[in-house]
Amino acid sequence: DADFTIAPGRLDARLATPAERRVTLGARIAFISHPVTDPKRGPALSAADAELYTRAGEGMIRLRQRVLALADRLAGGERDPWRAVRAFWNFLIDERRVGILHYDLLDPEWPTDWIVDDGDYDCHLGATALVGLCRAKQIPARVMSGYLPYPTAPAEHYWAEIWLDGAWRPFDTLVSDLSLQGRDPAWHDL
């Protein structure tokens with residue numbers, strides 16, 4: 001007895017609260033985000049999407065000279081996007097730490113600067129930093145979010161997606177925790 005509404009990027013289910021106050025919902029969802037037409041190189045990103053995903057300001061992504069300089073220092077004149085992304089990845093995993101982050105310490109105008117100075121990050125700031133570094137080098141990237149469905153500790157979670165070789169590639173900076181802060185190469189390497 002639920003009313004379902006489907007809209008781009010959204011599925012809503014509205015129903016009356018049952019007496020037992022417990023509801024179980026399930027869905028089967030299938031989609032193709034970007035069909036690959038060339039097996040060696042996927043489709044091109046549209047000009048509008050390229051502009052959107054290389055913006056210097058969006059949400060917590062706020063790029064100014066400090067982050068641009070860090071991206072230049074890490075990737076230099078690297079023209080291969082994969083190599084630039086690897087340099088950013090190695091910096092975050094090897095030189096910064098996953099931990100609890102108190103957001104009141106961030107400058108609300110320039111939150112991305114935190115990764116330049118301090119180094120601690122949670123999944124949200126880690127994804128934001130990786131996306132910011134990519135955008136500083138004009139590599140299309142976006143922050144994604146979802147939920148960790150662990151019964152004992154459900155939580156919101158964030159990761160980065162980077163447009164490489166014609167497809168959105170996921171990068172989760174919390175791998176630093178799984179890689180013993182970068183010391184386990186099986187978890188560290190892309």
Side-chain angles (χ1 to χ4, degrees), residues 33-34 36-99 101 106-107 110-146 157-190:
S33 65
H34 286 281
V36 175
T37 54
D38 177 352
K40 292 184 182 170
R41 189 150 186 94
L45 200 60
S46 73
D49 282 348
E51 187 279 325
L52 175 65
Y53 298 119
T54 55
R55 284 184 185 163
E58 177 191 5
M60 281 185 32
I61 303 163
R62 305 275 175 78
L63 305 182
R64 66 176 174 167
Q65 188 53 42
R66 302 181 75 231
V67 176
L68 297 172
L70 176 62
D72 283 343
R73 181 174 66 79
L74 296 173
E78 186 57 64
R79 300 184 72 83
D80 177 12
W82 274 106
R83 288 185 182 179
V85 170
R86 178 173 283 286
F88 304 149
W89 179 262
N90 288 342
F91 168 76
L92 288 170
I93 303 304
D94 297 341
E95 298 182 37
R96 298 299 184 245
R97 295 171 308 278
V98 170
L101 182 65
L106 299 179
D107 179 344
W110 303 104
T112 317
D113 281 3
W114 179 264
I115 207 69
V116 176
D117 297 324
D118 185 62
D120 286 342
Y121 62 88
D122 61 3
C123 64
H124 194 179
L125 190 60
T128 299
L130 183 56
V131 167
L133 290 167
C134 288
R135 288 184 180 191
K137 297 304 273 183
Q138 295 301 300
I139 300 168
R142 61 191 182 187
V143 175
M144 303 299 292
S145 67
H157 184 58
Y158 296 85
W159 63 96
E161 285 188 349
I162 303 169
W163 185 261
L164 295 165
D165 294 334
W168 288 108
R169 311 289 179 173
F171 291 82
D172 192 335
T173 57
L174 284 190
V175 75
S176 178
D177 246 4
L178 298 171
S179 71
L180 303 171
Q181 295 299 128
R183 294 187 308 269
D184 182 347
W187 282 101
H188 177 285
D189 295 335
L190 301 172

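Not measured: the values here are computed from a predicted model.
Proximity of a side-chain donor or acceptor of Arg96 to a complementary backbone N or O of Ile115 within less than 3.5 Å is detected. Between the side chain of Thr112 and the backbone N or O of Arg62, at least one donor-acceptor pair lies under 3.5 Å.
Taking Arg55 as the reference, Glu51 meet the side chain to side chain donor-acceptor pair (under 3.5 Å) condition, with sequence neighbours excluded. In this structure Trp114 satisfies the side chain to side chain donor-acceptor pair (under 3.5 Å) test together with Asp118, sequence neighbours excluded. In terms of the side chain to side chain donor-acceptor pair (under 3.5 Å) criterion, residue partners of Asp120 (sequence neighbours excluded) are, by chain and number, Arg97. For Tyr158, the ring pair (Phe, Tyr, Trp, His ring centres under 6.0 Å) test picks out His124, with sequence neighbours left out. Residues satisfying the side chain to side chain donor-acceptor pair (under 3.5 Å) test with Glu95, not counting sequence neighbours, are none.
The side-chain heavy atoms of Thr54 and Ile139, taken from C-beta on, include no pair separated by under 4.5 Å. At a threshold of 4.5 Å between non-hydrogen side-chain atoms, the residues Arg142 and Trp168 count as touching.
Listed here is the closest heavy atom pair of Ala160 and Val131: CB-CG2, 3.7 Å. Looking at every heavy atom in both residues, Cys134 comes nearest to Ile162 through SG-CD1, 3.6 Å. The minimum heavy-atom distance linking Asp165 with Trp82 is given by the pair OD2-NE1, 2.7 Å. Of all non-hydrogen atoms in Ala136 and Leu68, the two that sit nearest each other are CB-CD2, 3.5 Å. Listed here is the closest heavy atom pair of Ala84 and Glu78: N-CG, 3.8 Å. Scanning all heavy atoms of the two residues, the minimum distance from Leu164 to Pro81 falls at CD2-CB, 3.5 Å.
Side-chain contact annotation: Trp89 with Asp94, donor-acceptor N/O pair under 3.5 Å absent.
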Would you please test Arg66 and Asp117 for salt bridge (Lys or Arg N to Asp or Glu O under 4.0 Å) and show each step?
CA-CA 10 Å; Arg66 302 181 75 231; Asp117 297 324; 2.5 Å; yes
Test Leu133 against Leu70 for side-chain contact (heavy atoms from CB on, under 4.5 Å), laying out the working first.
CA-CA 8 Å; Leu133 290 167; Leu70 176 62; 3.9 Å; yes
Kindly indicate, with the supporting measurements, whether the criterion side-chain contact (heavy atoms from CB on, under 4.5 Å) is fulfilled by Phe91 and Arg86.
CA-CA 8 Å; Phe91 168 76; Arg86 178 173 283 286; over 6 Å; no
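Taking OH from Tyr121 and CG from Leu130, the interatomic distance works out to 9.0 Å, rounded to the nearest 0.5 Å.
Remark: Arg64 CZ is packed, more than 12 non-hydrogen atoms of other residues, nucleotides or ligands lying under 6.0 Å away.
Of the candidates Leu125, Thr128, Leu92, Val98, Leu92 is the only one forming a side-chain contact (heavy atoms from CB on, under 4.5 Å) with Thr173.
Listed by first and then second residue, the salt bridge (charged side-chain N to carboxylate O under 4.0 Å, His left out) pairs involving residues 131-140 are Glu58-Arg135, Asp72-Lys137 (not counting sequence neighbours).
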